[in-house]
> 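Here it is: the structure, laid out below.
Numbers for residues simply follow the sequence, beginning at 1. The structure presented is a predicted model; accordingly, all values stated were derived computationally and were not measured. All values below come from the heavy atoms of this structure, side chains included, with hydrogens, waters and symmetry mates left out.
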Amino acid sequence: KSVIRLAHITSYLLHPLFILLYNSLLLMCLKPHWFGIHHVKEAVLLILLVLIYTIIIPIIGILLLRFIGLIKTIHLEDKMDRIAPLIICIVFYLWLYINLKQNPDMPKAFLSLILGSIISLCLAFVINNWVKVSLHTIAIGGLICFWLIIRYYFCTDDIMYFRFKETEVSRFHIHQLLGISLILGGWIGTSRLYLKAHTSEEIYLGYVIGIISIIIAFKYMY
């Protein structure tokens, strides 16, 4: 029972809707100079935009769909229930991407992260006609792939610096971040299996979609 409870908690805390915001915050903390800032506090407006377009609006949309009876449950357990929420997410993620892309100072890596999310949502929408692919593993698969690309192409010395406070900088090896990400990725997939939310094929397919989407996004941006 404790494992099942932990699986439920993990599924909520690492919900697909939250992953892009988590990843954005992490990137702003580790690479603030890419955004032309010294500390993540200076990017409050950008954080709010990501929060509103990728979390708040989709959640409101899903709740409204449930309220008017177009979906059976907010957990989107049925393939048909996923269609409208995925469309909502695609539209507002795309709107965010288009608006941010107009800013020439916006880092390409950050735009690649958002574009990768859009691509993964589109692929999930199409594949949903046949398979109820795991959105959780799509999101975490994309996160892992994103940081692997950052590691091998944008972090030559393997060292990154995390600003917990404006006047303090913590130094750590990027492999620590990758290790934690891989562990979380494995546990998310396992937790979805524990909860019987997906089959193993749907779990693995999610990882593949997330990885491919980020690779395509980076190839396009660079």
> Can you tell me how far CD1 of Ile188 sits from OG of Ser181, rounded to the nearest 0.5 angstrom?
9.5 Å
> Whether the side chain of His75 engages the backbone of Glu77 through a donor-acceptor N/O pair (distance < 3.5 Å, no angle test) should be reported.
no
> Rounded to the nearest 0.5 Å, how far apart are CG of Leu115 and NZ of Lys219?
14.5 Å
> So, the side chain of Asn99 versus the backbone of Trp95: is there a donor-acceptor pair under 3.5 Å, distance only?
yes
> I need the minimum non-hydrogen distance between Ile62 and Ile71, along with the two atoms involved.
O-CD1, 3.6 Å
> Just by modelled atom types, is the Ile203 backbone N or O under 3.5 Å from a matching donor or acceptor in the Thr137 side chain?
yes
> Atom CD1 in Ile212, atom CD1 in Ile214: separation rounded to 0.5 Å?
12.0 Å
> Indicate yes or no for a side-chain donor-acceptor contact from Lys79 to the backbone of Val133 under 3.5 Å, with no hydrogens or angles considered.
no
> Taking the six-membered ring for Trp, are Phe154 and Tyr222 closer than 6.0 Å centroid to centroid?
yes
> Less than 4.5 Å apart, any side-chain heavy atom of Trp147 and any of Leu26?
yes
> Would Cys89 and Leu17 count as a side-chain contact (heavy atoms from CB on, under 4.5 Å) if you check the C-alpha gap in whole Å, the side-chain angles of each, and the deciding distance to 0.1 Å?
CA-CA 9 Å; Cys89 288; Leu17 284 177; 3.9 Å; yes
> Quick one, Leu6 and Tyr194 - any side-chain contact, counting heavy atoms below 4.5 Å?
no
> Under a 4.5 Å cut-off applied to non-hydrogen side-chain atoms, are His38 and His33 in contact?
no
> Does Arg66 form a side-chain contact (heavy atoms from CB on, under 4.5 Å) with Lys72? I'd like the steps, not just the answer.
CA-CA 7 Å; Arg66 178 67 187 92; Lys72 301 182 188 71; 6.0 Å; no
> How about Tyr97: does its OH atom have over 12 heavy atoms from other parts shown lying under 6.0 Å from it?
yes
> Between Ser11 and Arg192, is the side chain to side chain donor-acceptor pair (under 3.5 Å) condition met? List the steps.
CA-CA 7 Å; Ser11 295; Arg192 301 307 288 166; 3.0 Å; yes
> Are Leu100 and Leu45 connected in a single hydrophobic cluster, I mean Ile/Leu/Val/Met/Phe/Trp/Tyr linked by side-chain heavy atoms less than 4.5 Å apart?
no
> How about OH on Tyr22, more than 12 heavy atoms from neighbouring residues, nucleotides or ligands closer than 6.0 Å, or not?
yes
> Quick one: do Trp187 and Leu182 end up in the same hydrophobic cluster if we chain Ile, Leu, Val, Met, Phe, Trp and Tyr together by side-chain heavy atoms under 4.5 Å apart?
no
> What heavy-atom pair brings Leu76 and Pro85 nearest, and what distance separates the two atoms?
CD2-CG, 3.8 Å
> Any idea which heavy atoms bring Ser24 and Val50 closest together, and the distance?
OG-CG1, 4.2 Å
> Checking side-chain contact (heavy atoms from CB on, under 4.5 Å) for the pair Ile119/Tyr220: CA distance, chi angles, key distance, verdict?
CA-CA 11 Å; Ile119 294 170; Tyr220 174 77; over 6 Å; no
> So do Phe110 and Phe35 actually touch side chain to side chain, heavy atoms under 4.5 Å?
yes
> Do Val3 and Leu184 sit in one hydrophobic cluster, given that two such residues count as connected whenever their side-chain heavy atoms are within less than 4.5 Å of each other, even indirectly?
no
> Below 4.5 Å, heavy atoms only, C-beta onward: do Ile127 and Leu205 meet side chain to side chain?
yes
> For atom NZ of Lys101, decide whether the heavy atoms of other residues, nucleotides or ligands shown that lie under 6.0 angstrom number more than 12.
no
> Enter the distance from Ser2:OG to Ile9:CD1 here, rounded to the nearest 0.5 Å.
10.0 Å
> Are the side chains of Leu46 and Met28 in contact, using a 4.5 Å heavy-atom criterion?
yes
> Determine whether Tyr12 and Leu21 fall in the same hydrophobic cluster, where Ile, Leu, Val, Met, Phe, Trp and Tyr are linked whenever their side-chain heavy atoms lie under 4.5 Å apart.
no
> Please report the shortest heavy-atom distance between Ala197 and Glu202, naming the atom on each side.
O-OE1, 4.4 Å
> Can you name the nearest heavy-atom pair linking Gly116 to Ala217, along with the distance?
N-CB, 3.5 Å
> Give the minimum heavy-atom separation between Ser213 and Leu123, together with the two atoms involved.
OG-CD1, 3.6 Å
> Can you find a heavy atom in the side chain of Leu177 that is under 4.5 Å from one in the side chain of Leu30?
yes
> In terms of heavy-atom contacts, does CZ of Phe18 have more than 12 from other residues, nucleotides or ligands at under 6.0 Å?
yes
> Count I, L, V, M, F, W, Y as connected when their side-chain heavy atoms are under 4.5 Å apart, and connections chain through other members. Are Leu94 and Ile57 then in the same cluster?
yes
> For residues Ile88 and Leu65, determine if any side-chain heavy atom of one lies less than 4.5 Å from a side-chain heavy atom of the other.
yes
> Please report the interatomic distance CG(Asn128) to CG(Asp78), rounded to the nearest 0.5 Å.
8.5 Å
> Hey, do the aromatic rings of Phe146 and Phe218 have their centres closer than 6.0 Å?
yes
> Between Ile138 and Tyr207, is a side-chain contact (heavy atoms from CB on, under 4.5 Å) present by the stated rule, with each step listed?
CA-CA 5 Å; Ile138 286 178; Tyr207 289 127; over 6 Å; no
> Out of curiosity, Phe125 CZ to Ile87 CD1, how far, rounded to the nearest 0.5 Å?
4.0 Å
